[in-house]
2 protein chains.
Amino acid sequence: MTSYIEPLAQESTPSIIADKLRKAIGHGEFRPGAQIVEADLARKLGVSRGPLREGMQRLTQEGLLVSIRNRGLFVIDMTPADIRDMYLAREAIERAAAYKILRDGDFETVGAALLAIVDRMLAADGDPAAIGELDIAFHELLVRLADSPRLSRMHRTSIIETRMCIHALEETYLATDARAIEHQRLADAIRTGDIARTDELLSAHMDDAIERLSNR
Amino acid sequence: MTSYIEPLAQESTPSIIADKLRKAIGHGEFRPGAQIVEADLARKLGVSRGPLREGMQRLTQEGLLVSIRNRGLFVIDMTPADIRDMYLAREAIERAAAYKILRDGDFETVGAALLAIVDRMLAADGDPAAIGELDIAFHELLVRLADSPRLSRMHRTSIIETRMCIHALEETYLATDARAIEHQRLADAIRTGDIARTDELLSAHMDDAIERLSNR
DNA sequence: GGGGTTAACATTGTCGACAATCTACCTTTC
DNA sequence: GAAAGGTAGATTGTCGACAATGTTAACCCC
């Protein structure tokens with residue numbers, strides 16, 4: 001049971017703006033390489049340029065936007081090298097998360113929760129968009145259940161970048177059951193507490209993803 | 001040879017401010033838990049509150065500052081749980097960096113460069129401040145030589161947090177040769193390309209650090 | 001004396017305006 | 001005709017002022 005009495009965290013305007021921008025970028029509302037024009041966006045969001053700029057600085061810090069002085073802010077354009085680097089970072093984070101869960105977490109419960117997502121993937125019956133979302137949900141849940149503020153924060157950025165990639169090539173996105181099976185094996189390894197196998201599967205999983213995204 | 005002709009990256013004011021703030025926090029100029037008063041700081045830095053706020057948003061995103069709405073920004077106070085979480089993240093990053101170097105980098109050169117730092121640690125002859133700086137330099141170099149923008153960016157935040165911890169208890173900081181030896185073993189493992197041993201030593205190294213910082 | 005209300009102060013949040021800079025196009029010159 | 005120079009437009013960078021909010025302390029009432 002969670003108490004109703006908890007410190008109420010009023011989010012600051014810049015953080016709300018940052019969230020909205022992240023979603024927009026992840027869902028392809030801003031194309032990679034596109035310029036973010038402050039005045040336009042401020043008008044659309046109904047705020048002035050000040051808070052908007054503050055929010056955009058957050059995304060710049062995360063590496064989702066790149067700043068060119070006196071020119072403006074641009075959405076990052078993921079080169080093949082960027083994709084590899086992003087998966088390197090994601091693997092580092094998710095490995096640490098899995099390791100923490102396996103070592104001093106309730107890996108059986110976590111594994112079961114992950115398998116529930118796999119079930120929904122299998123039920124999605126080849127719908128690329130749905131499977132893509134569930135794929136991301138799987139990895140988000142894995143890191144969230146590791147209960148590490150730092151890993152979660154770092155992971156969030158990687159997830160947005162993953163979304164960008166998936167969105168950029170949704171049409172050529174392979175939505176076979178193979179994806180679901182891969183996740184199922186991983187969840188099973190976690191559920192049974194098999195560290196070595198989890199490590200191996202996670203590593204292979206990332207390599208597969210790079211492979212898929214590079215051969216477009 | 002590096003060419004003199006290269007794209008000149010003019011850093012934006014917020015990013016310069018963010019750098020200065022990171023240094024100040026890392027070196028204990030702002031104590032953990034202290035409030036950052038915008039007007040004062042803006043005057044000291046010779047800028048207006050606008051760019052300053054943008055820079056501070058970056059540190060908020062990194063988790064170095066926490067924002068309480070209408071109250072202000074405060075330097076993070078590292079609880080024991082935070083220290084553990086920080087080392088979890090640092091280990092994840094440095095492991096990935098070491099792994100990348102060992103797998104497809106020039107691990108002999110990297111190992112040699114790291115050993116050079118160890119030599120300076122041994123030559124520092126027990127000076128806590130010098131050894132602390134070299135300790136950090138060792139880990140910074142390790143990640144930098146992995147040549148991964150994302151790992152480097154994530155690592156930078158962790159390093160500031162490490163600095164905060166070291167600075168907070170510099171007086172009780174153990175400056176024995178044991179620290180240098182630990183790093184020496186690690187550098188040697190990398191130089192000889194021994195993945196398993198690097199993994200093991202890195203993990204033990206982080207556990208040691210947590211141990212040291214928790215038993216104050 | 002404890003609890004509640006009120007007023008003054010300090011600090012942050014937001015905005016609009018102006019200055020600095022860059023890009024693109026047009027003009028001039030050889 | 002091509003290159004250099006100049007100009008207009010658009011966009012970002014910076015600032016100062018004002019509004020909103022929270023805190024503190026004094027004061028009053030019970």
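Here is the naming used below: chain letters follow the sequence lines, and residue numbers restart at 1 for every chain.
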**Asked** Is A/Arg150 positioned over the aromatic face of B/Tyr87, cation under 6.0 angstrom from the ring centre and no more than 45 degrees off axis?
**Response** no
**Item:** CA sep, side-chain torsions, deciding dist, call: B/His183, B/His139, ring pair (Phe, Tyr, Trp, His ring centres under 6.0 Å)
**Value:** CA-CA 9 Å; B/His183 286 91; B/His139 294 278; 5.2 Å; yes
**Fill in**
To the nearest angstrom, the CZ-P distance between B/Arg49 and D/dA19 comes to 15 Å
**Asked** What is the distance, rounded to the nearest whole Å, between atom CG of B/Asn70 and atom P of D/dG22?
**Response** 5 Å
**Item:** B/Lys44, B/Arg43, B/Arg49 screened by salt bridge (Lys or Arg N to Asp or Glu O under 4.0 Å) with B/Glu38, the one that passes
**Value:** B/Arg49
**Request:** Identify whether any heavy atom of A/Ser12 sits under 4.0 Å from a base atom; if not, whether one sits that close to sugar-phosphate; answer base, sugar-phosphate or nothing.
**Result:** nothing
**Asked** Per the end-axis method with five pairs at each terminus, what is the bend angle of the helix from C/dG1-D/dC30 to C/dC30-D/dG1, to 10°?
**Response** 0°
**Item:** Step-by-step side-chain contact (heavy atoms from CB on, under 4.5 Å) determination, A/Asp82 to A/Glu161
**Value:** CA-CA 9 Å; A/Asp82 276 312; A/Glu161 292 180 319; over 6 Å; no
**Item:** CZ/A/Arg120: more than 12 non-hydrogen atoms of other groups inside 6.0 Å
**Value:** no
**Prompt:** Which part of the nucleic acid, if any, lies within contact of A/Ile36, taking any heavy atom under 4.0 Å across all strands shown: a base, the sugar-phosphate backbone alone, or nothing?
**Reply:** sugar-phosphate
**Message:** Less than 4.0 angstrom from a charged side-chain N to a carboxylate O is my criterion; do B/Lys23 and B/Glu29 meet it?
**Reply:** no
**Item:** Nearest heavy-atom neighbours spanning B/Ser158 and B/Arg90
**Value:** CB-CG, 3.4 Å
**Request:** Shoot me the first and last contacting nucleotide of DNA chain C against chain A, ordered 5' to 3', at under 4.0 angstrom to non-hydrogen atoms.
**Result:** C/dT14 to C/dT23
**Asked** Within 45 degrees of the axis of the six-membered ring of A/Phe138 and under 6.0 Å from its centre: does A/Arg179 put its NZ or CZ there?
**Response** no
**Message:** Looking at D/dG22, I'd like to know if its phosphate oxygens (OP1 or OP2) sit under 4.0 Å from a side-chain N or O belonging to B/Arg69.
**Reply:** no
**Item:** Residue mapping more 5' on DNA chain C - nearest nucleotide basis, A/Gly50 or B/Gln35
**Value:** B/Gln35
